[in-house]
Amino acid sequence: LCASSIICLVLLRLYTKSSYRLALYQVSSSLLFGVASLGAFYAFPMSGSNSATCMAFAFLAQYTIWVQIVFTACLTFHLFCLSVFYKNLAKCEPTYVLFSLLVPLVLAIVPLTTKSYGPSDVWCWIQSLNYINSTNGTMIPEPNFNGKVEQMALLYGPAFTILLACSGGVIVMGIILACRAFKNGAAPAVTNSGQQHHQQLLKQLLPLTVYPIIFFLFFLTPFANRLYMIREDNVPPESLTYAVVFFITSWSMAPGVGLLVHMAIIFFNTRKRRGCGRKVRNYVSIDEESIATRGTSQRTVSVTSATHYVIPDET
């Protein structure tokens, strides 16, 4: 779904606008996280605790999920400044991208230096349990305190705080916009052209506000699962594990679905406007022909008034 939405965005040449490039970056990060998490799931059953494949996919999963979270924070900041303070920070687009690519590197390298990556639950990530061989050859899980601390400090704690703040920012932004609409658009003094440009940008960017809220809602179940594991020092119930897998998968697909729906609305609205334009031109041409052949404008008035189109100039 993410790949399809990216292809459609490129074919429609929407990437030429800054607002749609922000959506492109968000969907691209989701696509990378989906690929990394899929590899982490598949590498789990075939890997031992020191498998290089498992550690590589664990690193990629940690890195790409943070790319998503950091860029979501940048996107929320961009939308908040535009809608609340009327500040268009389109020039900060390269800064958003670099910040979202560099900061997650630090959070992904730390478990690599402590050798904490390995089999974890149903995929490869930071280990919360150490598996040791028993006398009969089976693997026995033992709690890993350092791994639990790293999981909370390097993902769940800061990610929960950031996504909660982003969701709160989107809600505050919606309240402010609703209050302004209720007050007939009261806003700082701007020119008419500037106000129109601002409204156009808002129409393009406001659909992106669903991403922070969706990410926060999908993050709650994995967060609850991690808290359960820390409290019980044991593997979570199978039903909760499957729920975590579902929400992690949905996390990576949601931006692609949202962008496809957004582009579909744009496409059908554009076709509708073009269709109306063709109807107007057809009636105008009929009226002009009527003027040329009959030499009167009475026919023109009756046709256009019956069809509710603008009466063309008699000349």
Side-chain angles (χ1 to χ4, degrees), residues 1-3 6 22-44 53-76 96-114 116-128 147-167 210-227 229 241 243-258:
L1 289 173
C2 291
I6 292 173
L22 294 175
L24 176 63
Y25 301 145
Q26 183 74 79
V27 175
S28 299
S29 65
S30 299
L31 177 62
L32 293 176
F33 173 68
V35 173
S37 59
L38 188 65
F41 281 121
Y42 277 102
F44 175 78
T53 304
C54 185
M55 293 178 64
F57 278 112
F59 173 84
L60 289 175
Q62 172 75 357
Y63 175 70
T64 52
I65 193 173
W66 266 113
V67 171
Q68 263 193 308
I69 294 170
V70 174
F71 190 79
T72 300
C74 294
L75 183 62
T76 306
Y96 296 153
V97 175
L98 289 176
F99 189 73
S100 302
L101 292 176
L102 296 179
V103 172
L105 272 178
V106 179
L107 299 169
I109 288 176
V110 172
L112 195 63
T113 58
T114 58
S116 299
Y117 287 134
S120 177
D121 299 341
V122 294
W123 68 334
C124 295
W125 190 50
I126 301 173
Q127 292 178 298
S128 59
K148 293 178 180 180
V149 172
E150 288 185 10
Q151 286 180 350
M152 293 301 297
L154 297 178
L155 179 62
Y156 286 102
F160 179 83
T161 304
I162 292 172
L163 293 176
L164 180 62
C166 291
S167 300
V210 300
Y211 294 149
I213 296 178
I214 289 177
F215 286 157
F216 177 71
L217 294 177
F218 286 170
F219 186 78
L220 290 177
T221 300
F223 184 62
N225 173 68
R226 194 57 49 185
L227 292 177
M229 291 187 64
T241 301
V244 170
V245 174
F246 169 77
F247 281 107
I248 289 177
T249 306
S250 301
W251 175 295
S252 60
M253 290 192 302
V257 175

I want to check something: taking the side chain as every heavy atom from C-beta on, are Cys54 and Pro119 in contact at a cut-off of under 4.5 Å? yes
Using side-chain heavy atoms (C-beta onward) and a distance below 4.5 Å, is Ser30 in contact with Met253? no
Would Thr72 and Ile162 count as a side chain to side chain contact (heavy atoms under 4.5 Å, CB included) here? Give the steps. CA-CA 9 Å; Thr72 300; Ile162 292 172; over 6 Å; no
Ignoring hydrogens, what is the shortest heavy-atom contact between Met152 and Arg226? Give both atom names and the distance. SD-CG, 4.1 Å
Nearest-0.5 Å distance, OG of residue Ser100 to CG of residue Leu75: 9.5 Å
Run the side chain to side chain contact (heavy atoms under 4.5 Å, CB included) test on Leu112 and Tyr117 for me, step by step, so that the C-alpha distance in whole Å, both residues' side-chain angles and the decisive distance to 0.1 Å come before the verdict. CA-CA 6 Å; Leu112 195 63; Tyr117 287 134; 3.8 Å; yes
As an exercise, state the distance from CD1 of Ile213 to OG1 of Thr76, rounded to the nearest 0.5 Å. 9.0 Å
For the side-chain contact (heavy atoms from CB on, under 4.5 Å) test, which of Phe218, Phe33, Phe219 pairs with Ile248? Phe33
Between atom OH of Tyr42 and atom OG1 of Thr53, what is the distance when rounded to the nearest 0.5 Å? 15.5 Å
Using the rule given for side chain to side chain contact (heavy atoms under 4.5 Å, CB included), can you reason through Thr221 versus Phe246, listing the C-alpha separation, both sets of side-chain angles and the distance that settles it, and then say yes or no? CA-CA 10 Å; Thr221 300; Phe246 169 77; over 6 Å; no
What is the minimum heavy-atom distance between Pro255 and Val27, and which atoms define it? O-CG2, 3.6 Å
Examine distances only and state if a side-chain atom of Ser29 and a backbone atom of Gln26 form a donor-acceptor pair shorter than 3.5 Å. yes
Are Ser167 and Phe215 side-chain neighbours, meaning at least one heavy-atom pair lies under 4.5 Å? no
Please tell me if the side chains of Val103 and Trp66 come closer than 4.5 Å, counting only heavy atoms from C-beta onward. no
Evaluate the criterion side chain to side chain contact (heavy atoms under 4.5 Å, CB included) for residue pair Ile6 and Leu31; output intermediate values, then yes/no. CA-CA 10 Å; Ile6 292 173; Leu31 177 62; 4.0 Å; yes
Minimum side-chain heavy-atom gap Phe160-Ile69 below 4.5 Å: no
For residues Leu32 and Gln68, determine if any side-chain heavy atom of one lies less than 4.5 Å from a side-chain heavy atom of the other. no
Main-chain N/O of Leu101 paired to Tyr63 side chain as donor or acceptor, under 3.5 Å: yes
How long is the span from the CD atom in Gln62 to the CD1 atom in Ile126, to the nearest 0.5 Å? 4.5 Å
Approximate separation, where rounding is to 0.5 Å, of Leu38 CG and Trp123 CH2: 11.5 Å
Could you state the interatomic distance from CH2 (Trp125) to CD1 (Ile65), rounded to the nearest 0.5 Å? 7.5 Å
Using a cut-off of 6.0 Å, state whether more than 12 heavy atoms not belonging to Tyr156 lie near its atom OH. yes
Can you tell me how the ring of Phe71 sits relative to the ring of Tyr25, calling it parallel under 30°, perpendicular over 60° and tilted otherwise? perpendicular
